[in-house]
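This report refers to the structure that appears directly beneath it.
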Amino acid sequence: MAWFTRSKENISPDSQKKDLPDGLWEKCPSCSEIIHKKQLESNLWTCLKCGHHFRIGSNEYIEIMLDKGSFREMDKKMRSADPLEFTDTKKYSARIQETIKKLGLNDAVKTGTGKLNGSDVAFGCMDFRFIGGSMGSVVGEKIARLIDRSFKNKIPLIIISASGGARMMEGAFSLMQMAKTSARLARLADAKIPYISILTDPTTGGTTASYAMLGDINIAEPKALIGFAGPRVIKQTIGKELPEGFQKSEFLLEHGFIDVVIPRKELKSTVYNLISFMS
């Protein structure tokens with residue numbers, strides 16, 4: 001019998017649902033909302049539904065925080081060496097070159113000068129995409145030179161941190177950056193030049209133990225992970241359950257470790273008001 005036999009060809013491929021181009025949509029990791037990238041970008045990379053702050057890079061923060069076209073980068077060509085000839089799954093020198101080629105960044109921080117609502121500032125922003133935003137010799141040196149520029153020109157300093165901590169591939173050379181940057185900031189404080197530190201998700205390890213927590217005002221984005229050791233390591237060490245929200249911005253604010261939690265949309269205006277008041 002032919003009643004069950006298809007009498008026509010299959011549905012035409014032209015009438016089938018076409019695949020969407022890759023990269024046009026993002027899924028919020030907090031509420032699972034599907035958001036078009038253009039909408040997400042116009043909302044400063046925060047979820048339109050729940051307000052979750054997506055991780056963004058140094059270029060995006062420069063656009064958000066500084067007046068258009070005002071940023072002048074310093075020490076752009078500075079690159080990490082391989083003093084220990086370190087190798088794990090691959091050579092450190094090869095990892096550096098691959099990351100530079102992939103991201104178009106020479107290391108995990110961009111530094112320079114710019115204008116914030118017309119006011120001159122020294123500005124640095126870390127980029128977590130570059131080997132986890134780790135602090136190596138180049139990051140420490142660029143931060144130190146940025147602080148020197150702030151001191152010399154008597155302009156406020158702003159640093160946005162996003163880091164997994166010290167860069168293990170450089171060993172003690174990386175740890176030395178904690179002391180170097182902290183000493184520079186002490187001189188800046190003596191000169192009464194404002195320093196605003198902005199902590200984003202995540203800010204951990206040696207970065208937290210040095211310049212990230214030494215601001216005259218320490219600002220954090222909502223629900224950012226901030227701490228020295230990670231919560232999993234702490235839990236295993238003390239053998240106890242950690243409080244809900246442990247090491248998140250709001251928890252740290254409640255316990256006096258940071259001064260204020262500010263949504264990304266309000267960062268520029270808040271920092272400008274603080275600088276104006278402190279200057």
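The figures that follow rest on heavy atoms only: side chains count, while hydrogens, waters and symmetry mates do not. Computed from a predicted model, the values in this text were never measured in an experiment. Position 1 is the first residue of the sequence; numbering continues from there.
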- Message: Could you tell me if the side chain of Asp107 sits less than 4.5 Å from the side chain of Arg167, heavy atoms only?
- Response: yes
- Query: With distance as the sole test, does Thr237 use its side chain to make a donor-acceptor pair with the main-chain N or O of Val233 at under 3.5 Å?
  - Reply: yes
- Query: Do Glu221 and Arg264 pass the side-chain contact (heavy atoms from CB on, under 4.5 Å) test, and can you show the C-alpha distance, the side-chain angles, and the key distance before you say yes or no?
  - Reply: CA-CA 7 Å; Glu221 288 189 338; Arg264 192 174 291 160; 2.9 Å; yes
- Task: Using a strict cut-off of less than 4.0 Å between a Lys/Arg side-chain nitrogen and an Asp/Glu carboxylate oxygen, indicate whether Asp75 and Arg145 qualify as a salt bridge.
- Result: yes
- Derivation and outcome, side-chain contact (heavy atoms from CB on, under 4.5 Å), residues Ile147 and Arg187: CA-CA 9 Å; Ile147 299 168; Arg187 185 173 71 154; over 6 Å; no
- Indicate, with yes or no, if Phe251 and Ile234 share a hydrophobic cluster defined by side-chain heavy-atom contacts under 4.5 Å among Ile, Leu, Val, Met, Phe, Trp and Tyr. yes
- Message: Tell me whether the count of non-hydrogen atoms from other residues, nucleotides or ligands lying under 6.0 Å of CZ in Phe257 goes above 12.
- Response: no
- Query: With distance as the sole test, does Asp82 use its side chain to make a donor-acceptor pair with the main-chain N or O of Phe86 at under 3.5 Å?
  - Reply: yes
- Query: Ignoring hydrogens and geometry, is there a side-chain-to-backbone donor-acceptor pair from Thr46 to His53 under 3.5 Å?
  - Reply: no
- Heavy-atom closest pair, residues Met169 and Leu84: O-CD1, 3.7 Å
- Quick one: do Glu250 and Lys223 make a salt bridge, cutoff under 4.0 Å? no
- Query: How long is the span from the CD1 atom in Ile96 to the CZ atom in Arg79, to the nearest 0.5 Å?
  - Reply: 9.5 Å
- For residues Glu60 and Trp45, report the shortest heavy-atom separation together with the two atoms involved. CG-NE1, 3.9 Å
- Hey, is the main chain of Ala229 close enough, under 3.5 Å, to the side chain of Gln247 for a donor-acceptor pair? yes
- Query: So, do Asp88 and Met168 sit near enough that their side-chain heavy atoms are less than 4.5 Å apart?
  - Reply: yes
- Query: Do you know the tightest heavy-atom contact between Leu105 and Lys110?
  - Reply: CD2-CE, 3.7 Å
- Query: Out of curiosity, Ile219 CD1 to Ser161 OG, how far, rounded to the nearest 0.5 Å?
  - Reply: 12.0 Å
- Of the non-hydrogen atoms in Ser119 and Tyr272, which two are nearest, and what is the gap between them? OG-CE1, 3.6 Å
- Task: Please check if Val271 and Ile160 belong to a single hydrophobic cluster, counting links between Ile, Leu, Val, Met, Phe, Trp and Tyr side chain heavy atoms closer than 4.5 Å.
- Result: yes
- Hey, could you give me the CD1/CD1 distance between Ile158 and Ile198, rounded to the nearest 0.5 Å? 6.0 Å
- Atom CE of Met65 and atom SG of Cys125: how far apart are they, to the nearest 0.5 Å? 9.5 Å
- Beyond-backbone contact of Ile196 with Pro156, side-chain heavy atoms, under 4.5 angstrom: no
- When you look at Val121 and Ile155, which way does the side-chain contact (heavy atoms from CB on, under 4.5 Å) test go after all the steps? CA-CA 5 Å; Val121 295; Ile155 56 176; 5.7 Å; no
- Message: Does Ile193 form a side-chain contact (heavy atoms from CB on, under 4.5 Å) with Leu157? I'd like the steps, not just the answer.
- Response: CA-CA 8 Å; Ile193 297 172; Leu157 172 67; 5.7 Å; no
- Which heavy atom of Thr99 sits nearest a heavy atom of Arg129, and at what distance? CG2-O, 4.5 Å
- Query: With a 4.5 Å heavy-atom cut-off, do Leu66 and Tyr61 have their side chains touching?
  - Reply: no
- Item | Any donor-acceptor N/O pair, Tyr195 side chain to Tyr211 backbone, under 3.5 Å | yes
- Task: Among Lys27, Gln39, His52, find the one that has a side-chain contact (heavy atoms from CB on, under 4.5 Å) with Cys47.
- Result: His52
- Message: Donor-acceptor check, side chain of His36 to backbone of Lys38, threshold 3.5 angstrom: yes or no?
- Response: yes
- Kindly say whether Thr200 contributes a backbone atom to a donor-acceptor pair with the side chain of Thr203 at under 3.5 angstrom? yes
- Query: Are Lys268 and Asp67 ion-paired here, with the side-chain N under 4.0 Å from a carboxylate O?
  - Reply: yes
- Give a yes/no verdict on a cation-pi contact between Lys90 and Tyr92, requiring under 6.0 Å between NZ or CZ and the six-membered ring centre and an angle within 45° of the axis. no
- Task: Measure the spacing between CD1 of Ile143 and OG of Ser182 and express it to the nearest 0.5 Å.
- Result: 11.5 Å
- Short side-chain to backbone donor-acceptor contact, Thr204 and Ile226, under 3.5 Å: no
- Does a salt bridge link Arg55 with Asp201, judged by any charged N lying under 4.0 Å from a carboxylate O? yes
- Task: Give a yes or no on whether Ile159 and Met178 share a hydrophobic cluster (residues Ile, Leu, Val, Met, Phe, Trp, Tyr; joining criterion: side-chain heavy atoms under 4.5 Å apart).
- Result: yes
- Message: Restricting to non-hydrogen atoms, name the atom on Gly140 and the atom on Thr181 that form the minimum distance, rounded to 0.1 Å.
- Response: O-CG2, 3.7 Å
- Query: Nearest 0.5 Å, what's the CG-CG distance between Leu199 and Leu252?
  - Reply: 8.5 Å
- Hey, any chance Leu175 and Val138 share a hydrophobic cluster, counting ILVMFWY side chains that come within less than 4.5 Å of each other, even indirectly? no
- Would Val109 end up clustered with Ile62 when hydrophobic side chains under 4.5 Å apart are linked, directly or stepwise? no
- Main-chain N/O of Phe173 paired to Gln177 side chain as donor or acceptor, under 3.5 Å: yes
- With a 4.5 Å heavy-atom cut-off, do Met74 and Leu146 have their side chains touching? yes
- Short side-chain to backbone donor-acceptor contact, Asp259 and Asn218, under 3.5 Å: yes
